[in-house]
Visitor: 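This is the structure I have questions about; it appears just below.
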Amino acid sequence: MEQGVGSESIPTPGSMDKSKIFDIRPLRCLVPTFPSSPGTSAFSSPQPSPFMCFPPTGPFPPGVSPFYPFLVPTESLRSAVPNQAGHSGFNNAIPSPVPLTSFRPTSTKKSRAANGSTGPSRKSSRYRTAAIHLDVDGYSDSQHQTDQYLSGFSMHVADAEDTSSKVRRRKGKSEMRTRSGREVSPGVDIDLVANSFLESFNLAEFDSVRQADGDTQSIRYILMIFDLLRRRITQVEEGREAAPGGLRRPDLKAGAILMNKGVRTNTKKRIGAVPGIEIGDIFFFRMEMCLVGLHAPSMAGIDFMSFKLVQGEDSLAISIVSSGGYEDNVDDGDVLIYSGQGGNIYRKDKFVDITDQKLERGNLALEKSLHRGNHVRVIRGVKDVANPTGKIYLYDGLYKIQHSWAEKGRSGVNVFKYKLVRVPGQPEAFTMWKSIQQWKEGITSRVGVILPDLTSGAENLPVSLVNDVDDEKGPAYFTYFPTLKYRKPFHSPQPSRSCMCRGGCQPGDLNCSCIQKNGGVLPYTALGVLLIYKALIHECGSSCLCPPNCRNRMSQAGLKVRLEVFRTKDRGWGVRSWDPIRAGAFICEYAGEVIDVSTEEELEREREDHYIFDATCTNEPSDVMAGNSIESPKIPFPLVVSAKKGGNVARFMNHSCTPNVYWQPVLRECNNEAYLHIAFFAIGHIPPMKELTYDYGTGQSGQAGQRKKKCLCGSLKCRGHF
DNA sequence: CGATGTCAGCGGTAT
DNA sequence: ACCGCTGACATCGAT
């Protein structure tokens, strides 16, 4: 949409005769009447209408039943903005509602006919429960081997609502043909791959929470499974030769599978905060927001719910996704001008033309919400610097709709506009994102910067030292160097084979010796995201012929995100990122000097320092990854690193019992020399300015109970010490 | 390189 | 059946 119209110039109500621009149809698109709210409505009709909308506080004329459509469970109100009751206007005692489509737990999908919806249809048969035996051996040997490796032990998915039947039926239509109409080799069935993949997770635990409210833990878990599955599908598609390009939307595929398995939460639509989701949380796919119940439509920008009233029906807006496509001229990050939906004409699913938007669906719901004054969740789409083709969705909390109007867009068609203003008192999110952009562009400077770059240029990106908490001027002196220092490498008994991939190691190339070492799989995606959690990653070494930017040299390529070392309130210095970090993304390695500790006493003495990394500590994957840990952690060499005299950012990373970062041993070999490194990867998506933490582990068994440090991570699952 | 176009997809709403 | 502020990739035209 063109911007020339000037979104800021909000016309005074009534300045335009809007009755002319609406497609007034008798039943569905009634023009609402707002009898007692002069000046607030841009949409009023002189005629009385059978469909009335009233201010939240009433009064309600005789014969009209007000409604209270969202029976929000009390626990979900806790996490809402302070004073929520004061903001929402639903204080009247109101009879129970008849929700039309709002409450649809998974289990009632198949009995929708009883819910006032249509009778049994083709769609309902789609959801018919089908007990299908999962044929784990139904695929080729090499695939099987890979899956054995990746999924390890077996845990059958309890849910009988399997996707296979559905997908098989659809196959003739979409899956067997590519866009160009070519036949696709049916060699690898994504659904079988997905099934065997999911079997390695304890999905049974979702039976208990699937229809209930979400919480931080289940949402972390769902998002992690989604991303692992998505990456897994990408990987399988990349390796297959017959279909160049392969499956075009692994995100949709992964999302659909999890939706059908019930690996989702917050399935009830609700106004206001969503349990388990915090303001500032980031998402990389629309599907992720569907799965956790933040925003249900997979594409549409407006989520709303409809209700049956005594006469007629009503709707309210719940959440919107502002993709920045209509980037408005509003400088204030707490204000959003949002364009209505519709006005696109399709023929055979193809966009052909635009026309006037109509006051229906989401537009009508937004209009209703303007008058109801209910909270609307806002998700801001922002550009992903790391992936130019991708987008990041930032949950920016609750807004209220302040004004609405219509304006002439391109080709003179009418477009609805809504002005939303952020509810005050919520933590910063989008405004913080904007500030960070300004710091990076040098427009404004970060408050409290002690050193703009504590690496003195040793890294390819600066790492700031910041303190906006107290007077501490910086950590004790140390030398910054970006990688691990070996006095002498470990000795491998057999000489290691180097790879010959001059153009860089490519997925599916089974001749590549480095891929062979990784079990036939390239451990990273094209975007440098770790595919799967494994005990040991084999990266290319110095004698490999591939270039430094080879995909299999992820941990050697230096920092990818803009980090800062900052003063925490009570835990000394910590690390956080200005950039959003994707799940599985490489963050940095643990630099320092590899030290020789021949005796336990020596190790104990070294341990007195805060800057010891002991890779022989149990590297138990955090509970969110449980089920996906295949082998017990296996370090090929006992590696102890001291970062006391020197090291990199990683030496400032604090411990947490619910970490967002985990470490991963990475081996780089060269003939008979082996270099073991410690690489840090993101467990889930990490929003900007969230502290990066990893689990320091429990130490060796012999030392349990000794000299433990008190843990201040504040997590609900805190062990109390580490 | 950015902007625009193409197209298969999905969950959801409505018929 | 219809709809949409997807998302990955192709293509085009301006630097």
Side-chain angles (χ1 to χ4, degrees), chain A residues 1 25 27-29 100-102 104 106 109 112 116-119 121-123 126-127 163 166-167 170 173-181 184 230 234 237-238 244-260 264 267 269 283-291 293 295-307 313 315 318-328 336-352 354 357-358 360-365 378-384 387-393 415-416 418 526-527:
Chain A
M1 197 60 57
R25 285 186 288 156
L27 275 171
R28 295 251 152 237
C29 297
L100 195 63
T101 52
S102 57
R104 190 178 297 157
T106 333
K109 268 181 184 169
R112 264 154 76 184
S117 194
T118 58
S121 62
R122 283 178 46 143
K123 177 132 185 173
R126 233 178 89 176
Y127 294 107
T163 53
K166 175 177 107 188
V167 171
R170 277 213 237 140
K173 195 173 126 201
S174 60
E175 300 230 337
M176 298 297 279
R177 286 185 179 277
T178 61
R179 194 187 309 194
S180 51
V184 169
R230 187 188 61 80
T234 311
E237 291 296 329
E238 269 181 342
L247 194 67
R248 292 205 144 57
R249 297 290 300 272
D251 59 318
L252 292 185
K253 190 73 198 168
I257 290 168
L258 296 186
M259 282 286 203
N260 281 302
R264 56 185 295 189
T267 40
K269 291 198 173 192
F283 304 87
F284 285 73
F285 293 93
R286 288 286 299 259
M287 266 300 175
E288 295 176 325
M289 297 189 283
C290 301
L291 290 169
H295 186 84
S298 59
M299 293 188 200
I302 306 167
D303 193 7
F304 60 97
M305 56 212 282
S306 303
F307 321 93
E313 53 190 74
S315 62
I318 297 170
S319 62
I320 59 169
V321 177
S322 163
S323 264
Y326 305 89
E327 193 57 54
D328 29 79
L336 173 68
I337 307 294
Y338 193 78
S339 303
Q341 64 184 188
N344 299 317
I345 301 171
Y346 297 88
R347 197 152 38 221
K348 289 230 171 193
D349 278 351
K350 278 196 181 104
F351 171 81
V352 282
I354 52 171
Q357 289 187 345
K358 299 181 183 75
E360 59 185 25
R361 295 167 173 267
N363 299 346
L364 183 59
V378 167
I379 297 116
R380 304 252 193 177
V382 295
K383 220 192 259 167
D384 181 1
N387 175 20
T389 127
K391 220 181 273 176
I392 292 174
Y393 297 97
V415 178
F416 292 116
Y418 300 88
L527 285 170

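Sequence lines set the chain letters: A, B, ... in the order given, protein chains first and strands last, and positions in each chain run from 1.
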Visitor: In whole angstroms, how far is the C1' atom of C/dG4 from the CZ atom of A/Phe285?
Guide: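 About 18 Å, once rounded to whole Å.
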Visitor: Taking NE2 from A/His295 and P from B/dG12, how many angstroms apart are they, rounded to a whole number?
Guide: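 Taking atom P of B/dG12 as the reference, NE2 of A/His295 is at 11 Å.
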Visitor: Provide, to the nearest angstrom, the distance between the CZ atom belonging to A/Arg264 and the P atom belonging to B/dC10.
Guide: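 Taking atom P of B/dC10 as the reference, CZ of A/Arg264 is at 15 Å.
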Visitor: In this structure, how many angstroms lie between the P atom of C/dG7 and the CD atom of A/Glu288, rounded?
Guide: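 About 9 Å, once rounded to whole Å.
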Visitor: Taking N and O atoms by type only, does the side chain of A/Ser298 place a donor or acceptor under 3.5 Å from a partner on the base of C/dG4?
Guide: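 In this structure, the two groups form a donor-acceptor pair.
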Visitor: Can you tell me how far P of C/dG4 sits from CG of A/Leu364, to the nearest Å?
Guide: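 It is 15 Å, rounded to the nearest whole Å.
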Visitor: In sequence, state the C-alpha distance, the side-chain angles, and the governing distance for A/Ile302 and A/Arg361, and then conclude on side-chain contact (heavy atoms from CB on, under 4.5 Å).
Guide: CA-CA 9 Å; A/Ile302 306 167; A/Arg361 295 167 173 267; over 6 Å; no
Visitor: Mind checking if A/Asp303 touches a base, just sugar-phosphate, or nothing, with heavy atoms under 4.0 Å?
Guide: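 Contact class for A/Asp303: none.
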Visitor: Whole angstrom is fine here: how far is it from CD in A/Gln357 over to P in C/dC3?
Guide: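 For the pair A/Gln357 CD and C/dC3 P, the rounded distance is 14 Å.
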Visitor: Examine B/dG11: is either OP1 or OP2 under 4.0 Å from a nitrogen or oxygen in the side chain of A/Lys269? Give yes or no.
Guide: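 Negative; the distance criterion is not met.
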Visitor: May I ask you to verify if any side-chain N or O of A/Ser339 is less than 4.0 angstrom from the OP1 or OP2 atom of C/dC5?
Guide: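 No, outside the criterion.
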Visitor: Please determine if a side-chain N or O atom of A/Arg286 lies less than 4.0 Å away from the OP1 or OP2 oxygen of C/dT6.
Guide: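 Affirmative; the distance criterion is met.
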Visitor: Between the base of B/dT13 and the side chain of A/Arg361, is there a donor-acceptor distance below 3.5 Å?
Guide: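 Counting by modelled atom types and ignoring angles, no donor-acceptor contact under 3.5 Å is found here.
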Visitor: Whole-Å distance between B/dG12 C1' and A/Met287 CE?
Guide: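 It works out to 11 Å between those atoms.
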Visitor: For DNA chain B, whose closest nucleotide is more 5', that of A/Lys383 or that of A/Leu252?
Guide: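 Result: A/Lys383.
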Visitor: Scan A/Gly342 against the nucleic acid and name what it touches under 4.0 Å (heavy atoms): base, sugar-phosphate only, or nothing.
Guide: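 Sugar-phosphate: the residue A/Gly342, judged by heavy atoms under 4.0 Å, touches backbone atoms but no base.
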Visitor: Would you mind telling me which residue lines up with the more 5' stretch of DNA chain C, A/Gly390 or A/Gly301, judged by nearest nucleotide?
Guide: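 This one resolves to A/Gly301.
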Visitor: Within the pair A/Tyr393 and C/dT6, is there a side-chain N or O less than 4.0 Å away from OP1 or OP2?
Guide: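 Yes, within the criterion.
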